[in-house]
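Remarks on the structure that follows.
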Amino acid sequence: MKALLSYFKYVPLHLVLWVCVWLFFVYFFSYASSNTEFVFWFSITLLPVTIVTTYVFAYLLIPQYLLLKKYVAFTLYGLATFITSLYIILLVNFIILVYLANYQIDNVPMLSRNIVFVLILVYLVVGIVCFTRLLTHSYRSDNKNKELENKMLETELQLKEMELYYLKQQIHPHFLFNTLNTVYGAALKESKDTPALILKLSNMLDYMLHQIDKKEVPISEELKYIESYIGLEQVRFKDTLRVTLEKQMEKDVMVPPMLFMAFVENAFKHGKAINGFLTIDISLKSTESTIDFTVTNTVKENQEKVKGYGLGLDNTSKRLDATFPGAYVLTSEKRANLYELNLTINLKNKQNV
């Protein structure tokens with residue numbers, strides 16, 4: 001019903017169009033002729049032929065064959081329509097000659113005698129309407145394509161947001177499990193450091209609860225969280241840990257929460273003590289346009305290749321792909337007794353997800 005109503009709303013426009021076409025015919029066929037009655041009826045008789053031919057091309061042949069790239073069928077049916085219209089125009093001329101000119105060719109206006117000129121006028125109208133129809137179709141197609149692209153982009157953004165949400169939810173239990181193991185180990189030994197561990201764990205949980213669901217946090221907040229984590233590990237490792245944290249913050253840029261923690265945690269998890277010490281060096285530098293993060297930890301020279309792609313690192317890699325597609329470089333290298341991981345992010349190409 002709605003489709004039918006949508007067609008009816010164009011009826012007045014079409015009526016105006018064909019009145020203008022009729023006036024167009026009257027104007028041209030009146031040239032050098034005073035037989036207004038003949039011109040009037042000839043134009044009226046010619047109008048239905050023009051209307052039918054126009055609608056056949058504009059609403060049948062073009063949408064069903066030309067736009068669907070069925071060029072052979074369009075050519076054949078178009079040629080058949082042209083021949084049929086030519087036959088009808090010849091028939092109209094003959095009938096007009098009989099009934100209005102009484103077989104007197106001199107009573108027929110000069111331009112209406114020329115079948116080629118009549119045919120040109122008819123197909124000029126057909127061509128203009130078809131061209132307008134094609135322009136309208138092209139405009140509507142472009143709008144539909146833009147709407148579809150916008151919907152696809154919106155869907156893609158929603159999917160990315162959902163992916164980041166679930167990745168963050170995976171990070172929650174991952175870090176919590178590892179940290180609780182540390183507290184549990186200290187409690188079993190009845191260590192005096194247990195209260196300090198619980199306090200640091202409390203600070204970490206506070207950060208998780210209040211920051212993890214945000215899209216972005218200041219990098220200074222990330223640093224505080226990393227420092228709390230390092231402090232917790234220092235309690236656990238005691239004198240067997242040597243850790244340094246170098247930070248150069250020219251700009252307190254915004255980053256996804258807990259972006260660097262998987263790398264820091266893996267340094268403690270996969271690192272091995274050399275000469276009785278696990279050595280970890282962490283460097284984090286940020287400017288308005290770039291972030292450089294490096295973490296180096298000691299490993300045994302004959303140790304199997306450091307995988308470093310556990311759940312936390314895998315999630316972090318996916319978050320980097322979603323947030324900084326094509327705008328980050330993540331490399332790792334093992335040499336002698338050291339394993340180094342480096343992350344460089346170009347903030348200018350950051351995605352707003």
Side-chain angles (χ1 to χ4, degrees), residues 171 175 178-179 182 196-197 199-201 203-204 206-208 211-212 216-301 303 306 308-310 312-313 315-317 319-320 323-324 327-348 350:
I171 289 171
F175 281 100
N178 289 342
T179 308
T182 301
L197 288 171
L199 179 60
K200 292 185 182 297
L201 175 59
N203 292 334
M204 293 173 65
D206 180 71
Y207 182 82
M208 286 183 177
Q211 305 292 344
I212 194 68
E216 295 179 325
V217 296
I219 198 169
S220 58
E221 294 296 323
E222 280 291 289
L223 267 173
K224 290 179 182 178
Y225 183 81
I226 292 173
E227 289 170 344
S228 294
Y229 181 82
I230 291 173
L232 188 147
E233 293 289 14
Q234 283 175 325
V235 174
R236 182 165 71 96
F237 280 92
K238 296 186 180 298
D239 296 331
T240 63
L241 176 66
R242 291 175 178 172
V243 59
T244 60
L245 176 58
E246 179 188 358
K247 50 187 177 182
Q248 296 180 18
M249 302 289 109
E250 293 183 14
K251 180 78 173 178
D252 195 9
V253 295
M254 303 297 286
V255 294
M258 297 183 71
L259 183 64
F260 309 104
M261 270 308 301
F263 304 130
V264 175
E265 188 201 34
N266 271 269
F268 288 94
K269 180 179 178 181
H270 295 286
K272 299 297 179 181
I274 301 296
N275 298 325
F277 294 99
L278 170 61
T279 303
I280 298 175
D281 297 315
I282 302 169
S283 173
L284 182 56
K285 303 175 183 178
S286 69
T287 64
E288 188 173 357
S289 58
T290 59
I291 295 174
D292 286 308
F293 174 79
T294 303
V295 56
T296 305
N297 58 272
T298 53
V299 293
K300 291 183 179 179
E301 190 170 359
Q303 184 176 329
V306 179
Y309 282 94
L313 277 179
N315 286 341
T316 303
S317 297
R319 294 179 70 195
L320 286 167
T323 313
F324 306 100
Y328 77 93
V329 177
L330 178 62
T331 59
S332 60
E333 180 184 5
K334 180 179 179 294
R335 57 181 186 275
N337 292 324
L338 289 177
Y339 176 77
E340 180 180 298
L341 182 141
N342 180 260
L343 172 64
T344 302
I345 300 174
N346 183 357
L347 296 174
K348 292 182 179 179
K350 178 180 173 184

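The residues of the chain are indexed from 1 along the displayed sequence.
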Point-to-point distance, once rounded to the nearest 0.5 Å, from CD1 of Ile226 to CZ of Phe260:
6.5 Å

May I ask you to decide if the ring planes of Tyr229 and Phe268 are parallel, tilted or perpendicular, using 30° and 60° as cut-offs?
perpendicular

Which distance, rounded to the nearest 0.5 Å, do you find between the CD of Gln234 and the CZ of Arg242?
13.0 Å

4.5 Å side-chain heavy-atom contact, Thr323 and Val255:
no

Do Ile291 and Ile219 have side chains that get closer than 4.5 Å, going by heavy atoms?
yes

Test item: Thr298 side-chain N/O and Thr279 main-chain N/O as donor-acceptor pair under 3.5 Å
yes

Output yes when Glu227 and Lys224 qualify as a salt bridge under the 4.0 Å nitrogen-oxygen rule, no when they do not.
no

Non-hydrogen side-chain atoms of Asn342 and Phe293 separated by less than 4.5 Å:
no

Going by atom types alone, do Glu250 and Gln248 pair a side-chain donor with an acceptor below 3.5 Å?
no

Here the pair of heavy atoms bringing Lys334 nearest to Ala336 is NZ-O, 3.7 Å

Shortest non-hydrogen contact between Pro257 and Val217, atoms and distance:
CA-CG2, 3.9 Å

Inter-residue atom distance Glu265.CD - Met258.CE, 0.5 Å rounding:
8.5 Å

Expected output: side-chain Glu222 to main-chain Leu259 donor-acceptor under 3.5 Å
yes

Can you check whether Asn266 reaches Asn297 side chain to side chain, under 4.5 Å on heavy atoms?
no

Locate the shortest heavy-atom distance separating Thr287 from Lys251; write the atom from each residue and the value.
C-CB, 3.7 Å

About how many Å separate CG of Leu223 and NZ of Lys247, when rounded to the nearest 0.5 Å?
6.0 Å

Between OG1 of Thr294 and CD1 of Ile282, what distance do you get to the nearest 0.5 Å?
10.5 Å

On a heavy-atom basis, which atom in His270 and which in Val299 lie closest, and how many Å separate them?
O-CG1, 4.1 Å

On a heavy-atom basis, the closest approach of Tyr328 and Ser317 is OH-O, 3.9 Å

If only atom types and distance count, is the side chain of Ser286 paired as donor or acceptor with the main-chain N or O of Met249 below 3.5 Å?
no

What is the distance from atom CZ of Phe263 to atom CG of Leu284, rounded to the nearest 0.5 Å?
12.0 Å

Salt bridge between Arg335 and Glu340, side-chain N to carboxylate O under 4.0 Å?
yes

Do Thr344 and Asp292 have a side chain donor and acceptor closer than 3.5 Å?
yes

Is a side-chain donor or acceptor of Asp252 paired with a backbone partner of Pro218 at a separation under 3.5 angstrom?
no

For residues Leu278 and Ile280, determine if any side-chain heavy atom of one lies less than 4.5 Å from a side-chain heavy atom of the other.
yes

